[in-house]
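The model shown is predicted, which means the values in this text are computed figures rather than measured ones. Starting from 1, each residue takes its place in the sequence as its number. Both ligands and their constituent atoms are indexed starting at 1 by order of listing.
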Amino acid sequence: MALSSGSSTSREAREKITIQNVSRSYESTQALADVSFSVAEGEFCCVVGPSGCGKTTLLRAIAGLDEPDGGSILVGGDPVTGPGLDRGMVFQEYALFPWRTVRGNIRFGLDRPACDCPDCEARVRELIDLVGLDGFEDAYPKELSGGMKQRVGIARALAPDPEILLMDEPFGSVDARTRDRLHAELLDIWTQTGQTVVFVTHDIDEAVTLADRVVVMDTDPGTVQSTFSIGLEHPRERTSREFVDYVAQIRDELGSPANNSV
Ligand code: ADP
């Protein structure tokens with residue numbers, strides 16, 4: 001696993017994901033229209049915007065789960081032609097197998113899910129430790145809280161040690177305290193792994209808490225409205241003037257009400 005300092009300033013500014021003029025329509029709906037931006041290697045990029053602005057469509061296209069009608073998406077300079085072990089995806093609704101234990105769900109993320117060789121066992125053990133699920137290896141999803149389920153989802157996505165982690169509103173269904181804890185854990189994991197992260201959310205506070213850079217999208221059709229570089233060290237103090245200023249700027253850009261959710 002590649003280690004990095006977790007600081008954007010110490011990372012190379014090499015482009016890891018390049019999104020060029022991407023468009024996607026569903027019948028009469030234009031979900032994405034001419035979307036272009038790039039994500040640097042090791043960068044934590046949040047995509048924020050109102051419901052329906054195409055965030056999930058964009059993430060699925062980067063994952064290779066959906067094909068744009070126009071434009072291109074490059075990962076490490078190569079066009080995306082389908083899913084790959086270089087990109088791990090974490091879904092909002094966990095998407096765990098109810099009939100598999102924690103260990104079984106995480107194991108499913110490995111490129112050889114049926115293999116019980118010592119290396120694969122050790123990798124599953126390492127992931128259980130990484131996401132703090134020690135003692136719950138043999139529990140089933142129905143026995144877990146929402147936060148624990150999402151830890152399993154994250155561990156499964158991390159299993160093949162992907163270079164890119166794609167996260168679709170992963171903490172939308174957990175309570176605020178659990179979300180705060182998961183934010184800290186995710187930042188720790190990111191610091192340890194040096195992965196490139198694209199994290200979709202409609203919560204401006206969450207975006208400013210996590211991101212090196214926030215891409216703001218507009219809706220109907222889905223377009224990139226602006227991007228903000230967040231020049232704050234982690235952990236970020238939500239009541240600091242700088243933090244509040246970033247949130248206000250993004251909220252102004254979105255023209256949304258003052259609840260910080262769009
Ligand atoms: P977001 O994640 O920002 O809420 P989505 O990417 O889910 O946005 O959706 C963007 C637009 O595309 C929405 O208008 C949505 O209704 C439409 N859409 C998404 N997926 C489909 C689909 N499979 N069939 C038809 N319309 C879709």
Side-chain angles (χ1 to χ4, degrees), residues 17-39 43-75 79-83 87-96 146 149-150 153-154 157 164-174 179 182-183 186 196-211 213-228 230 246-247 249-257 259-262:
I17 304 171
T18 312
I19 298 157
Q20 292 172 328
N21 311 107
V22 164
S23 300
R24 174 68 163 109
S25 293
Y26 300 100
E27 294 163 3
S28 58
T29 306
Q30 187 159 20
L32 298 171
D34 204 21
V35 167
S36 298
F37 67 94
S38 59
V39 184
E43 188 174 33
F44 199 126
C45 175
C46 280
V47 179
V48 72
S51 184
C53 73
K55 303 183 294 297
T56 296
T57 301
L58 181 63
L59 209 61
R60 287 175 56 81
I62 299 170
L65 298 172
D66 188 62
E67 198 180 339
D69 308 319
S72 61
I73 298 180
L74 309 179
V75 167
V80 169
T81 54
R87 284 153 287 147
M89 181 109 171
V90 180
F91 300 89
Q92 180 171 10
E93 294 302 336
Y94 320 124
L96 303 181
K149 283 184 207 166
Q150 201 50 293
I154 291 169
I164 295 171
L165 197 54
L166 304 170
M167 308 187 80
D168 190 5
E169 303 211 30
F171 307 140
S173 305
V174 299
R179 192 178 317 146
L182 288 166
H183 285 161
L186 175 60
T196 305
V197 181
V198 183
F199 185 109
V200 158
T201 179
H202 61 269
D203 183 325
I204 304 169
D205 265 5
E206 182 168 57
V208 177
T209 297
L210 296 172
R213 203 154 50 92
V214 178
V215 174
V216 179
M217 290 187 68
D218 198 3
T219 194
D220 205 14
T223 49
V224 171
Q225 194 168 346
S226 50
T227 62
F228 289 81
I230 310 295
Y246 279 121
V247 170
Q249 282 177 53
I250 295 171
R251 198 170 58 225
D252 282 353
E253 191 70 22
L254 286 158
S256 65
N259 67 3
N260 296 343
S261 192
V262 287

With a cut-off of 4.0 Å, which atoms of ligand 1 are near a heavy atom of Thr57?
5 (P), 6 (O), 9 (O)
Answer with yes or no whether the side chains of Asp168 and Thr56 bring together a donor and an acceptor at under 3.5 Å.
yes
Atom indices of ligand 1 within 4.0 angstrom of Ala31 heavy atoms, with elements:
10 (C), 11 (C), 12 (O)
Keeping the roles fixed (side chain from Gln20, backbone from Gly71), state whether a donor-acceptor pair exists under 3.5 Å.
no
Closest to atom 8 (O) of ligand 1 (heavy atoms only, candidates Gly54, Ser51, Pro221) is Gly54
Describe, in one word, how the ring planes of Phe199 and His183 are oriented to each other, choosing from parallel (under 30°), tilted (30 to 60°) and perpendicular (over 60°).
perpendicular
So which protein heavy atom does atom 4 (O) of ligand 1 come closest to, and at what separation?
Gly52 N, 2.7 Å
Counting distance only, does the side-chain N/O of Lys55 pair as donor-acceptor with the main-chain N or O of Pro50 below 3.5 Å?
yes
Nearest protein heavy atom with distance in Å, relative to atom 17 (C) of ligand 1
Tyr26 CD1, 3.8 Å
Nitrogen or oxygen of Thr56 less than 3.5 angstrom from that of ligand 1
yes
Which of the atoms in ligand 1, numbered in the order shown and given with their element, are less than 4.0 Å from a heavy-atom of Pro50?
3 (O)
Give the C-alpha distance, both sets of side-chain angles, the deciding distance and a yes or no for side chain to side chain donor-acceptor pair (under 3.5 Å) between Glu253 and Ser226.
CA-CA 8 Å; Glu253 191 70 22; Ser226 50; 3.2 Å; yes
Donor-acceptor pair, side chain of Ser25 and main chain of Glu27, under 3.5 angstrom
no
Considering all protein heavy atoms, does one lie under 4.0 Å from atom 15 (C) of ligand 1?
no
